[in-house]
There are 2 protein chains.
Amino acid sequence: MEHRELMVRAAWLYHVEGLTQQQIAERMNITRRRVNEILSEALETGVVRISFDSALSESVELEVKLRKRFALRDAVVVPTPNETALLHSVLGRGAAGFLGRLIQTQKPASIGIGWGSTLRETIQHMPSLNEPQIKVRSMMGGLTHGSEINTFEIVRGFAQAISAQCRYFAAPIYAESPESREAIISQTVFQRTFRQICDVDVAYLSVGDVSQQSLQVRYGLPEGMSEEILQKAGAVGDLMGRYLNASGQEIDHLLNRQVLSPELDDFRRIGCRIVASGGAHKHKILHAVAQSGLANILITDADSARAILA
Amino acid sequence: MEHRELMVRAAWLYHVEGLTQQQIAERMNITRRRVNEILSEALETGVVRISFDSALSESVELEVKLRKRFALRDAVVVPTPNETALLHSVLGRGAAGFLGRLIQTQKPASIGIGWGSTLRETIQHMPSLNEPQIKVRSMMGGLTHGSEINTFEIVRGFAQAISAQCRYFAAPIYAESPESREAIISQTVFQRTFRQICDVDVAYLSVGDVSQQSLQVRYGLPEGMSEEILQKAGAVGDLMGRYLNASGQEIDHLLNRQVLSPELDDFRRIGCRIVASGGAHKHKILHAVAQSGLANILITDADSARAILA
DNA sequence: ACAACGATGTAACATATGTAACATAAACCT
DNA sequence: AGGTTTATGTTACATATGTTACATCGTTGT
């Protein structure tokens, strides 16, 4: 029996038929220990899902306020977990629900996505859809530092979750210099790629802060670049590798001329610009992208929502 | 705090944040016993839902076979539970998933529904949708015997689940005589009602067998009518109160001229005719409605699917 | 073929959950 | 207001789940 099928069977017997782990073990001729492990794994991998038929009124209120304050097209507020380690997962859950509904009802032809922990968690919670006509593409260059939150894994994972087509952007997030960036993007293949990126129907991104908590700050910045330098230049965070000030404008810094991602004016022409992020260290950048209209759909946690509404 | 909100909060803390019941009790200033009860209730009432990201391959295979054999528009096969008491719930779960998807993607203007245990369970598992433009209406008369599987409760429950409009059919399933039926349906209000019923985009019904297991046989038949009489006349079960033989044709019996439900020829003109039912006592009637094309979407359990495919 | 590593079985144990028994408080009915 | 019924708190207990420790088996790599 295929492993996934094993998980579904055991989980069905446990959650729907209400058997104990021991009974399931006997039924399926495996040890209780295996049953326990399989059931945990089924929850962890998203084969079994827990969902809620109601939102908390607190979240609903905050969503209304966010939409009004920032003229957002939509907003999703998830409860802030006590344990900060759970924040990405909770945000990912909220985002996956939203994206699942959006994909099913609006049938976008193309989706551009970023990378990072929140996006990684989103994939984990995505419903399985069958959308082979949709193209999922990276919106920006990635880290050369391999990891599962890297752009390749995330684009592929997302495309797989919805059985869509996958388009990579094979470049680092930063070129070595502005001149180097000009040389790269003047190539025909990159020009075509950038055009396609700017033509997506939906963009789904996260934002980063300017601290060592950011993987990009840790692994993506060119030699000699640090968070202090960026902060001094007025940066409160980044969107697609572009460092922004508190008003959501690009800081006047060389780094922003080395970045391999769409110009913000091009980005703004995408109809559906979703930004999902949360946590205390993200309040400033979240406020910046909401206030400036860079994001027209915001997905965040309740504490962050309150902070940016204050 | 509203009770539903209490359930969502407790369930979130338990299922998402992973707190123990004791920790939740402390967080929410209630006893652990209350937490335990609330968590159980949340699952029971559908506030918290367990879903599966994969179907069993066995179910998928049977669905394919059903569609081919009977030229069905679609089929849903749910695993047959060991405990027959769970059958309605499992069927309701499968049907709710299917209906939820159908409503969201196809946006029907009107849905006609029947009544019975399977339909009752369907409501319990329906996702909350917001579809105020949809009209949900009874397709046939009901039992005068009050119960929560009665047509009124079911139409209202279904309409509430999807925030739709609710239209009752205020009549018993059987008139006293064929003449009485003629008198009833010749009234303008009933003529208009029948036309609206026959104009629904989607019909969602169950079927009954000819035994004391059927509530209709127990409480709905007129005086002097019994299952033996119906069986002698060739009946294997009923659809909307119309007793059918093994080929899916109405038996030649007075009772079928007393029934307050659409003529089968009218029924066949509805585009989407869903029948959900299962269990050993339903195999014959399920085969009859599938074979004859009365149902063009079938929702049943794996054992029943195998039986009607044999 | 052998060594190393990972997966799994077995048994035990800690803790979490589900439930029962009884008392008390709250709600309902007359 | 008083009596009855239902809901809830407290405590205890049975059982189910989650995890650990160690042994064994299966797989992988050289």
Side-chain angles (χ1 to χ4, degrees), chain A residues 1-54 79 81-83 85-86 89-90 93 121 124-125 146-148 153, chain B residues 1-54 79 81-83 85-86 89-90 93 121 124-125 146-148 153:
Chain A
M1 198 188 301
E2 189 222 338
H3 189 63
R4 193 176 182 91
E5 184 99 357
L6 196 67
M7 282 198 278
V8 176
R9 278 193 193 278
W12 176 273
L13 293 174
Y14 188 72
H15 293 292
V16 177
E17 299 202 26
L19 301 194
T20 64
Q21 296 183 353
Q22 184 55 45
Q23 289 170 326
I24 295 166
E26 285 156 10
R27 273 279 278 276
M28 297 177 69
N29 268 298
I30 56 179
T31 60
R32 179 180 79 82
R33 178 192 176 152
R34 292 290 295 130
V35 173
N36 183 264
E37 284 172 351
I38 287 167
L39 293 179
S40 296
E41 192 185 346
L43 277 167
E44 234 172 77
T45 56
V47 169
V48 176
R49 294 150 183 272
I50 308 279
S51 59
F52 300 82
D53 197 45
S54 273
N82 254 25
E83 207 183 309
L86 283 176
S89 175
V90 168
R93 173 192 273 271
E121 289 293 331
Q124 209 82 322
H125 290 278
S147 99
E148 66 173 12
E153 301 299 336
Chain B
M1 199 191 295
E2 189 222 339
H3 189 63
R4 193 177 183 91
E5 185 100 356
L6 197 68
M7 282 198 279
V8 176
R9 277 192 194 281
W12 176 274
L13 293 174
Y14 187 73
H15 293 293
V16 177
E17 297 202 28
L19 301 194
T20 63
Q21 296 184 357
Q22 183 56 43
Q23 289 169 328
I24 295 166
E26 285 156 11
R27 276 275 283 274
M28 298 177 70
N29 267 298
I30 56 178
T31 60
R32 180 180 79 82
R33 176 189 176 151
R34 293 287 297 128
V35 173
N36 183 265
E37 284 172 350
I38 287 168
L39 293 179
S40 296
E41 191 185 346
L43 277 166
E44 234 174 74
T45 55
V47 169
V48 176
R49 294 154 184 270
I50 309 280
S51 59
F52 299 82
D53 197 44
S54 273
N82 254 24
E83 207 182 308
L86 284 175
S89 175
V90 168
R93 171 192 276 269
E121 290 292 329
Q124 208 82 320
H125 290 279
S147 99
E148 66 174 17
E153 300 298 335

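Side-chain atoms are counted along with the backbone in the values below, which use heavy atoms only and exclude waters and symmetry mates. Quick caveat, the model's predicted, so the values are computed rather than measured.
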Worksheet item: Sequence neighbours excluded, which residues qualify as side chain to side chain contact (heavy atoms under 4.5 Å, CB included) partners of A/Ile30?
Response: A/Met28, A/Arg34, A/Val35, A/Ile38
Worksheet item: In chain order, what residues pass the ring-ring contact (aromatic ring centres under 6.0 Å, His included) check against A/Phe52, with sequence neighbours excluded?
Response: B/Trp12
Worksheet, complete the sentence: Rounding to 0.5 Å, atoms CD (B/Gln21) and CG (B/Leu19) come to a distance of 11.0 Å
Worksheet, complete the sentence: In short, salt bridge (Lys or Arg N to Asp or Glu O under 4.0 Å) pairs touching residues 22-33 of chain B with sequence neighbours left out are B/Arg33-B/Glu37
Practice prompt. Search all heavy atoms of B/Ala11 against all heavy atoms of B/Val48 and return the closest pair with its distance.
Written response: CB-CG2, 3.2 Å
Worksheet item: What are the residues of residues 8-16 of chain A, sorted by number, that bring a heavy atom to within less than 4.0 Å of DNA chain D?
Response: A/Tyr14
Worksheet item: Among all residues two or more places apart in sequence or in another chain, which pass the side-chain hydrogen bond (donor to acceptor under 3.5 Å, both in side chains) test with B/Thr20?
Response: B/Gln23
Worksheet item: Minimum heavy-atom separation for B/Val90 to B/Pro79, with atom names?
Response: CG1-O, 3.5 Å
Item to complete: Output the residues of residues 19-41 of chain A in contact with DNA chain C, where contact means a heavy atom of the residue under 4.0 Å from an atom of the strand; sort by number or write none.
Response: A/Thr31, A/Arg32, A/Arg33, A/Arg34
Worksheet item: If you measure from CZ on B/Arg93 to CD1 on B/Ile50, what distance do you get to the nearest 0.5 Å?
Response: 7.5 Å
Worksheet item: What pairs meet the side-chain hydrogen bond (donor to acceptor under 3.5 Å, both in side chains) rule with one or both residues in residues 44-53 of chain A, with sequence neighbours excluded?
Response: A/Asp53-B/Arg4, A/Asp53-B/Ser128
Worksheet item: Looking at CE of A/Met7 and CG of A/Leu43, how far apart are the two atoms once the value is rounded to the nearest 0.5 Å?
Response: 10.5 Å
Worksheet entry | Residue pairs involving residues 6-22 of chain A (criterion salt bridge (Lys or Arg N to Asp or Glu O under 4.0 Å); sequence neighbours excluded) | A/Glu5-A/Arg9
Response to the item:
Secondary structure of DNA chain C per the Watson-Crick/G-U criterion (both distances under 3.5 Å; [ ] crossing, | other strand, . unpaired) is ||||||||||||||||||||||||||||||
Fill in: Contact boundaries on DNA chain D for chain A, cut-off under 4.0 Å to non-hydrogen atoms
D/dA16 to D/dA21
